[in-house]
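To start, the structure itself, in structure tokens.
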Amino acid sequence: MPLNHLIRDGDNPDITEERQKATFSTEELAIEIYGEPLAQRRREISAEVLKRPELLDDCPHVFLDRTTKVENSMKKTVAVMEKGSEICDFTSREELGHLVCEVFGDDGFPLSIHFVMFLPAIQGQADDEQAEQWIPRAMRLEFIGTYAQTELGHGTNLRALETTATYDKRTQEFILHTPTVSAYKWWPGNLGKTANYVIANAQLYIDGKSHGPHNFLVQIRDENTHQPMPGITVGDIGPKFGLNTNDNGFLRFDHVRIPRRNMLMRHSKVSADGVYSPPVHPKLSYGAMIFVRATMIRMLAHVVLKAATIAIRYSCVRRQGEIKTGNGEVKILEYQTQQHRLFTALARGFAYRLVGDEVKNLYEKIAEEVKHGNVEQLADLHALLSGMKSIVSYDSGKAIEQCRMACGGHGYSHASGIPEMYAVEIAGCTYEGENMVMLQQQARYLVKGIHRLAHGEELSTMLQYLANTSNNKFRIGESGVDLENALILALEYIARSTIERVTARLDSLQNKGLSAENAWNENAVELTRASRTHTRLWIARCFRDRVHRIENHAIRSALTDILELFLTYEVVDMSQYLYQGGYANSDQVAQVKDAMYKLLEKIRPNAVSYVDAYEVSDTELRSVLGRRDGNVYDNLLKWAKSNPLNRTEVLPAVEKHLMPMMLAAKSKL
Ligand SMILES: CCCCC/C=C\C/C=C\C/C=C\C=C\C(=O)SCCNC(=O)CCNC(=O)[C@H](O)C(C)(C)COP(=O)(O)OP(=O)(O)OC[C@H]1O[C@@H](n2cnc3c(N)ncnc32)[C@H](O)[C@@H]1OP(=O)(O)O
Ligand SMILES: Cc1cc2nc3c(=O)[nH]c(=O)nc-3n(C[C@H](O)[C@H](O)[C@H](O)COP(=O)(O)OP(=O)(O)OC[C@H]3O[C@@H](n4cnc5c(N)ncnc54)[C@H](O)[C@@H]3O)c2cc1C
């Protein structure tokens with residue numbers, strides 16, 4: 001029985017040869033990633049989808065115009081809702097998530113924000129009576145909802161949002177209003193053409209006094225006719241870099257009245273006679289963002305692992321050039337440069353995927369406490385997620401782009417599937433908080449940590465390494481210090497010294513009389529760097545702990561290679577910081593590089609098996625280059641021939657424009 005369970009007859013022999021080299025069971029690695037029941041259910045769901053043409057695309061979706069893409073996704077949504085429960089358990093987020101990936105891919109679908117933000121916002125922020133009123137109807141899809149916070153003029157600075165919700169005591173209603181063009185809601189997913197209700201974030205006014213942004217449930221389209229409600233102007237914002245199947249929208253309220261009980265009142269309340277009760281923590285109305293920041297990590301990792309699957313498989317069936325003259329053309333994966341760009345992407349994908357599980361679990365634990373009024377750990381969670389969403393979105397984007405370029409010219413074609421993946425993934429740097437802004441949110445927390453330490457106050461678990469000042473010398477190669485430990489300590493030093501340095505500079509500027517705000521802005525770039533080093537350390541530690549917990553020896557060993565590659569790559573990438581304070585010398589950094597290159601060689605025979613074990617079906621991958629069977633060239637030709645420009649030998653446009661021009665040119669002779 002081969003260790004790689006994806007070997008089939010008729011596959012490209014070059015890819016079969018790769019699978020025969022596996023040194024671990026791909027099935028066991030899949031179980032480690034997904035857990036046994038889910039690994040099995042995912043395969044069953046993928047097989048069921050293949051049997052149902054109504055869930056599959058008639059042609060590659062990149063050949064379609066935007067209107068057809070949107071229509072297709074709506075048609076398939078109905079098919080999923082009608083038949084989906086025969087295929088998967090709708091109460092399991094994991095199973096449903098997998099079905100959605102199979103059927104819709106990455107580019108969006110009509111219910112994405114309904115499930116990802118609208119429902120979570122109600123679950124976290126509605127009081128029990130409101131939850132009872134709204135959640136069952138929303139779950140049954142009697143209507144579709146979205147989350148409308150960002151405005152044309154403001155997305156980051158939420159305190160400056162202009163939409164108002166003014167309480168009218170006389171009628172016990174809120175009046176939602178868009179006072180200026182810059183106050184139009186702009187960007188919410190599925191707002192453009194789909195949603196009936198929005199959770200609108202608006203400045204609450206009672207008796208002329210502002211109480212800051214709060215969330216309100218507002219009906220924007222009739223549930224039966226889908227026409228905009230009175231006082232509502234709504235539409236789609238137009239084509240974007242990616243996510244064009246999603247109808248991101250604009251929205252204007254013209255004095256729209258809603259009942260008092262449409263303000264989400266779990267945390268803050270307005271009584272019938274207009275008395276305002278504030279929440280136990282001022283930022284609890286930002287809960288839906290915290291939820292998405294926590295869950296998006298795994299989603300971003302998933303895209304990296306898909307891109308790595310495509311590029312690694314393709315690199316084993318693509319032959320070009322010789323390493324030793326006369327020995328014949330080699331698989332491009334034999335080149336060290338190719339291994340370096342692809343295996344480091346693979347390592348980041350695995351790290352973010354497994355760490356993403358931990359982040360999700362931590363979020364669920366703290367969210368439950370917050371629901372019961374305990375907000376003690378909210379600041380830690382907010383800081384962690386601000387850093388995580390920024391590092392993972394940006395570094396995943398770089399990894400995906402490396403995968404695309406590693407496929408040469410064919411990577412630039414939509415046949416590879418990677419351009420669309422990149423376009424979707426990179427949006428994660430912007431949505432749920434622009435990365436530079438979020439990194440600074442975390443930097444506030446780090447600077448406070450250094451100040452607490454200086455005052456002898458206790459540090460949260462996450463920051464305790466800041467007190468480890470005895471870690472001041474790189475211990476790579478020393479007897480009794482293994483590679484992993486030396487690298488983790490190096491990452492701790494990088495983070496600690498960077499945070500200390502920027503805090504000292506910040507303090508000294510303030511001591512010289514600069515205002516706190518100006519001192520901050522003068523150090524903003526370094527503060528974001530400090531944030532990055534801290535988050536990369538947190539990911540490294542969390543990934544290491546996760547790998548150490550694996551019981552299956554062969555799988556732990558396979559993932560240890562990936563972990564060590566990840567750690568060496570992170571240290572090399574940030575090695576300039578190791579020289580500050582004389583922690584390391586160039587020979588020691590060269591040792592880390594050597595270890596990294598050895599790991600590339602070690603990982604090479606298992607490369608295809610690592611991505612096979614992640615088990616993304618061909619349906620979901622939507623890539624000619626990344627096909628499981630490795631039969632790329634025949635299928636590239638088929639893909640090109642089937643594109644709409646090839647439907648006729650002579651394009652009507654050629655007949656209409658170019659032929660007359662050429663005829664006219666000839667007639668002038
Ligand atoms: C399942 C995965 C996802 C699937 C996705 C599917 C497809 C992908 C497609 C599309 C994307 C989908 C959805 C996208 C949705 C959106 O983008 S919704 C809009 C998101 N908008 C934002 O994220 C806005 C970013 N801005 C902010 O969060 C805040 O304005 C900001 C934090 C920048 C500042 O807030 P402000 O009120 O001005 O606060 P201060 O700077 O004064 O800070 C005061 C203190 O409050 C702390 N704090 C801030 N936010 C929080 C929070 N959320 N929780 C806890 N604490 C918070 C802050 O740290 C300060 O603390 P200290 O005073 O330092 O102690
Ligand atoms: C694909 C996609 C889907 C989205 N979906 C939704 C949705 O469903 N619902 C919703 O409400 N919104 C949604 N958004 C909006 C999104 O949340 C915002 O675009 C995002 O929060 C960034 O805000 P902004 O556009 O105002 O950027 P800006 O804040 O204008 O950023 C522009 C630049 O200014 C910089 N900048 C801004 N403020 C500061 C500061 N204080 N310090 C330093 N630099 C700063 C930024 O770093 C950035 O470089 C979506 C956006 C995208 C791209």
Side-chain angles (χ1 to χ4, degrees), residues 93 97 100-101 104 106-109 111-118 120-121 145-161 163 182 185-192 195 198-201 212-213 237 240-249 251 279 281-303 356 360 366 370 375 377-386 389-390 393 423-448 517 520-521 524-525 527-528:
R93 249 181 193 280
V100 165
C101 288
F104 299 100
D106 297 311
D107 204 48
F109 81 114
L111 305 179
S112 54
I113 307 301
H114 181 82
F115 285 120
V116 165
M117 293 203 83
F118 182 80
T146 186
Y147 183 81
Q149 178 176 287
T150 307
E151 296 174 356
L152 191 48
H154 293 93
T156 294
N157 185 8
L158 299 179
R159 281 180 289 175
L161 291 179
T163 306
S182 55
K185 291 294 176 190
W186 201 272
W187 271 114
N190 309 126
L191 168 66
V198 296
I199 291 177
N201 199 269
I237 63 169
K240 297 146 296 193
F241 189 59
L243 284 161
N244 281 305
T245 309
N246 200 312
D247 50 324
N248 295 80
L251 171 67
H281 187 288
K283 305 299 176 195
L284 284 180
S285 65
Y286 296 173
M289 291 185 278
I290 289 274
F291 169 77
V292 181
R293 285 172 199 154
T295 43
M296 67 192 272
I297 307 303
R298 281 181 13 155
M299 185 205 80
L300 300 172
H302 184 63
V303 189
K360 185 176 142 278
I366 298 176
V370 169
V375 290
Q377 293 197 64
L378 193 60
D380 293 344
L381 182 67
H382 168 60
L384 173 70
L385 296 179
S386 300
K389 76 80 61 182
S390 306
S393 60
V424 169
E425 191 283 335
I426 208 68
C429 295
T430 306
Y431 66 69
E432 291 313 336
E434 209 286 324
N435 278 359
M436 290 301 146
V437 175
M438 300 320 288
L439 287 170
Q440 289 182 64
Q441 283 290 309
Q442 192 189 49
R444 287 164 75 116
Y445 173 83
L446 300 176
V447 168
K448 272 190 198 164
E517 294 81 359
W520 185 272
N521 200 31
V525 173
L527 285 159
T528 59

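Atom set for the values below is all heavy atoms of this structure, side chains included, hydrogens, waters and symmetry mates excluded. Here the structure is a predicted model, which is why all the values come from computation and not from measurement. Every number for a ligand or one of its atoms is a count from 1 in the order of the listing.
Nearest heavy-atom pair, Trp520 versus Val447, reported as atom, atom and distance to 0.1 Å: CZ3-CG2, 4.3 Å. Nearest heavy-atom pair across Lys389 and Gly428 is NZ-O, 2.7 Å. What you find for Leu158 and Pro213 is that their closest heavy atoms are O-CG, 3.6 Å.
Against a heavy-atom cut-off of under 4.0 Å, Gln440 is close to the following atoms of ligand 2: 42 (N), 43 (C). Of all the atoms in ligand 1, the ones that sit under 4.0 Å from a non-hydrogen atom of Val437 are 33 (C). Each of the atoms 24 (C) of ligand 1 lies under 4.0 Å from some heavy atom of Gly155. Close approach to Asn248 involves these atoms of ligand 2, each under 4.0 Å from a residue heavy atom: 3 (C). Listed by number with element, the atoms of ligand 1 under 4.0 angstrom from any heavy atom of His281 are 55 (C), 56 (N). Atom numbering of ligand 1 starts at 1 in the shown order; those under 4.0 Å from a heavy atom of Met296 are 2 (C).
Counting protein heavy atoms under 4.0 angstrom from atom 29 (O) of ligand 2 gives one or more. Inside a 4.0 Å radius of atom 35 (C) of ligand 2 there is not any protein heavy atom. Atom 52 (C) of ligand 2 is approached by the protein to below 4.0 angstrom, counting heavy atoms only. Protein heavy atoms are found inside the 4.0 Å sphere centred on atom 39 (C) of ligand 2. Atom 5 (N) of ligand 2 is approached by the protein to below 4.0 angstrom, counting heavy atoms only. Counting protein heavy atoms under 4.0 angstrom from atom 25 (O) of ligand 2 gives zero.
Looking only at heavy atoms of the protein, atom 17 (O) of ligand 1 is closest to Glu432 N, 3.0 Å. The protein atom (non-hydrogen) at minimum distance from atom 1 (C) of ligand 2 is Leu243 CD1, 3.6 Å. The shortest contact between atom 7 (C) of ligand 2 and any protein heavy atom is with Pro188 CA, 3.4 Å.
Under the rule for a salt bridge (charged side-chain N to carboxylate O under 4.0 Å, His left out), Glu425 has no partner lying at least two apart in sequence or in another chain.
Scanning Tyr431, Tyr147, Trp520, Phe241 for the heavy atom closest to atom 9 (N) of ligand 2 points to Tyr147. Of the candidates Phe118, Trp186, Trp187, Trp187 brings a heavy atom nearest to atom 50 (C) of ligand 2. Heavy-atom proximity to atom 20 (C) of ligand 2, evaluated over Thr430, Val437, Thr528, Asn201, is greatest for Thr430. For atom 12 (C) of ligand 1, the nearest non-hydrogen atom from the set Ile113, Val116, Leu158 belongs to Ile113.
One N or O on the side chain of Lys240 and one on the backbone of Leu243 form a donor-acceptor pair closer than 3.5 Å. A donor-acceptor pair under 3.5 Å is formed between the side chain of Lys185 and the backbone N or O of Asn201.
For the ligand labelled ligand 2, residue Met117 lies outside the 4.0 Å heavy-atom shell. In this structure, Glu432 has a heavy atom closer than 4.0 Å to ligand 2. For the pair Glu434 and ligand 1, no heavy-atom separation below 4.0 Å is found.
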